[in-house]
Chemist: 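I'd like to ask you about the structure that follows.
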Amino acid sequence: MVGAQQYGEVNQLGGVFVNGRPLPNAVRLRIVELAQLGIRPCDISRQLRVSHGCVSKILARYHETGSILPGAIGGSKPRVTTPKVVSYIKQLKAKDPGIFAWEIRDRLLADGVCDKYNVPSVSSISRILRNKLGGPLYPVPPLYPVPPQRCWPLHQPYDYYVYLQGRQQAGVPHGLTHGHGPAVPHHAHTHAL
DNA sequence: CTCGTAACGGTTGAT
DNA sequence: CTATCAACCGTTACG
């Protein structure tokens, strides 16, 4: 079972961590907050029981990107489904919504967008049609009854992270891992906390 | 003592 | 559907 290890291990400082997984956002956020209060990294490390190496990394990342979020874990780089190919597929699908994946593949070859060595497989094309043209992708799917609390739009980084934490607690899994950030995390400005 | 960095053992997820 | 494998994770230890 995964659950056995999932609870975590204890580091030299007495802090709990899950090997291979990012620290919780709440802790990452706290690290940045304390730093902005003027607490030194070595003291943050001891206070939160997080290794100084990790504190150093999170702070450095925050200073250069403005985000406390961990980097994108897992997945593969697109090998054949480059942005150019994807947008061409979008066009074909828009013109003929009933088009089959194998027809798309033939068109990519016939139109010279791809050659036979880099043309996407039928299953790749199907996946593109499903993922890139299927879903709204950002505004969280099931929220008919708008929750009483305002959670969008946000203007400050802090609000954004609080919003994220709220999502996670509400059952939206921590699927922000490789999630193509909602256009938020990459604003290196607004350091007004 | 503080802190940047990399080896290490680990997990993840698009292809 | 499963497998691959390069991306990232935090801790540890070194300098």
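Just so it is clear: chains get the letters A, B, ... in the order the sequence lines come, proteins before strands, and each one is counted from 1.
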Chemist: Kindly point out which of C/dG10, B/dT11, B/dA14 is positioned nearest to the side chain of A/Ser76?
Modeler: B/dA14

Chemist: What nucleotide among C/dT12, B/dC3, B/dT2 has an atom nearest to a side-chain atom of A/Ser56?
Modeler: B/dC3

Chemist: Here's a test of your reading of the structure: between A/Ser124 and A/Pro41, which maps to the more 5' nucleotide of DNA chain B?
Modeler: A/Pro41

Chemist: Judged by atom type as modelled, is there a donor-acceptor pair below 3.5 Å linking the side chain of A/Thr65 to the main-chain atoms of A/Arg61?
Modeler: yes

Chemist: Honestly curious: do A/Leu129 and A/Leu109 fall in one hydrophobic cluster under the side-chain, below-4.5 Å linking rule?
Modeler: yes

Chemist: I'd like to know if A/Asn19 reaches the base of C/dG10 with its side chain, counting only an N/O donor and acceptor under 3.5 Å.
Modeler: no

Chemist: Base, sugar-phosphate, or nothing: which does A/Cys42 touch, judged by heavy atoms less than 4.0 Å apart?
Modeler: sugar-phosphate

Chemist: Starting from A/Ile104, can I reach A/Val113 by hopping between I/L/V/M/F/W/Y residues whose side chains sit under 4.5 Å apart?
Modeler: yes

Chemist: Going by atom types alone, do A/Ser123 and A/Ser121 pair a side-chain donor with an acceptor below 3.5 Å?
Modeler: yes

Chemist: As a test of reading the structure: which of B/dT15, C/dT11, C/dA13 is closest to the side chain of A/Phe17, going by heavy atoms?
Modeler: C/dT11

Chemist: Considering only side-chain heavy atoms of A/Arg46, which listed nucleotide, B/dT2, B/dT12, C/dG10, is closest?
Modeler: B/dT2

Chemist: Mind calculating the distance between CD1 (A/Ile31) and C1' (C/dC9) to the nearest angstrom?
Modeler: 13 Å

Chemist: If you check every side-chain atom of A/Arg21, which of B/dT15, B/dT11, C/dT11 has the closest atom?
Modeler: B/dT11

Chemist: Does A/His52 lie flat on the base of B/dT2, that is, centres under 5.5 Å apart and planes under 30° off?
Modeler: no

Chemist: Map A/Lys77 and A/Gly20 onto DNA chain B by nearest heavy atom, then report which one ends up closer to the 5' terminus.
Modeler: A/Gly20

